[in-house]
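Please read through the structure below; I'll follow up with questions.
Worth knowing before you read on, the calculation uses all heavy atoms, side chains too, and leaves out hydrogens, waters and symmetry mates. We count ligands from 1, going down the list as the structure has it; atoms in each ligand are counted the same way.
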Amino acid sequence: MPRTNPAVRFRAGTARPFLMLAPAAALGLALALFVCFSCSTAQEETTKPGTTKLRVATRIVPPLVIEKNGTLSGFSIELWNAIGERLHRETEYIITPDVGELLAAVESGRADLGIAAVSITSERENRFDFSQPILNSGLQILVRGTAANVEPNPLLEFVELFFSRTLLIWLGIALLLILIPAHLIFLVERHHHNGIIPTRRYFPGIFHAMFWAAGTLATQADQMPRHWIARIVAVLWMFTGVVFVAFYTAQLTASLTIQQIRGPINSPQDLVGKNVGTSRGSTATIYLNEVRAQVREFEKIDDLYSALLNQEVDAVVFDSPALLYYTTHDGRGSARTVGSIFHREDYGIVFPTGSPLRKHVNEALLALRESDAYQRIYEEWFGKH
Ligand code: GLU
């Protein structure tokens, strides 16, 4: 139960003896009392049961806040309704477009408090007061596809594989290596009457030699040199070819497997330079700018998920509870989270600095946690863990 503000009792108590004074003084005092009374009621109003409705700023972030046919539900809404009930206060929700606007509504006094998926941060703690944490959260990455089926586009994957850096380096090395046996064969064989190089001139003789060296490297030697030195070179080169093909195949297989089991984004390190979507004004935006991702901000969380599915962004970075809910509901089968939570945060109820409401809300919140009411609401939205 809310307690009477001690400041109010003090003012009322000290005023009584003065009422015995002269009428003018009494009138002045009455006026002063009236002013005093009205300010104390204004201060008390926020904590007194059953008076005006509490104005609560919120914002749609499923499953914390869900709006369906004009009705609000979700973890944060149900939690607040339970707190409001304990405070014997009715609620008037003010829906704001994003977390920045929610905070602005609280800061400007348009709302008495805010609740949704508001992360407690040191910067915000400077400008606001927060309740005890209401939920553990943190950032996670969402990509298209499911674990078993990562957006298969075989043609694109094949082209990407052939132009991958490692394989191009391998081919470059092979081309350079070919020059060595090609020159040896050219120099020795061109003098042999029955040699495999039909001309003594460097051009086009060297091309014949290079063609032979390339074919032999790929274990397709169709001609054997005649000169004994050339034959030794040929045998050594054939062995090099076997080793080269083995390494090349291994590299190709490894790249293919990696490409199949992992999407291009698997951890926060992969976000650098990528086109990443998130919620406008959120803590994820700050994080993504710090890691130098190409950030695209969305106001509506639904638009954020659509942008991922429509390939407008490579990945989404957002609050883990929201992403996990999406992957098990609307986004089931079309999106999945990768990696674990990498930026731990807690959600809190936000108040203007010095709000007398905070203490009462904290008491109610802790009482809900001590009973099983909090747990019931939690399990309803996040399941049993
Ligand atoms: N938890 C994040 C934040 O407070 C995102 C909230 C939102 O987009 O509603 O910045």
Is the Phe130 ring parallel, tilted or perpendicular to the Phe128 ring (thresholds 30°, 60°)?
-> perpendicular
Relative to the ring of Tyr378, is the ring of Phe75 parallel (under 30°), tilted (30 to 60°) or perpendicular (over 60°)?
-> perpendicular
For the residue pair Glu101 and Arg59, establish whether any side-chain heavy-atom pair is separated by less than 4.5 Å.
-> no
Those residues with a heavy-atom separation under 4.0 Å from ligand 1 are Arg59, Val61, Val99, Ala117, Val118, Ser119, Arg124, Ser279, Ser282, Thr283, Phe318, Asp319, Tyr347
What distance separates Phe244 CZ from Leu177 CG, expressed to the nearest 0.5 Å?
-> 7.5 Å
Linking I/L/V/M/F/W/Y whenever their side-chain heavy atoms sit closer than 4.5 Å, directly or via other members, would Ile286 and Ile120 fall into one cluster?
-> no
Around Arg127, counting heavy atoms of other residues, nucleotides and ligands shown, do more than 12 lie under 6.0 Å from its CZ?
-> yes
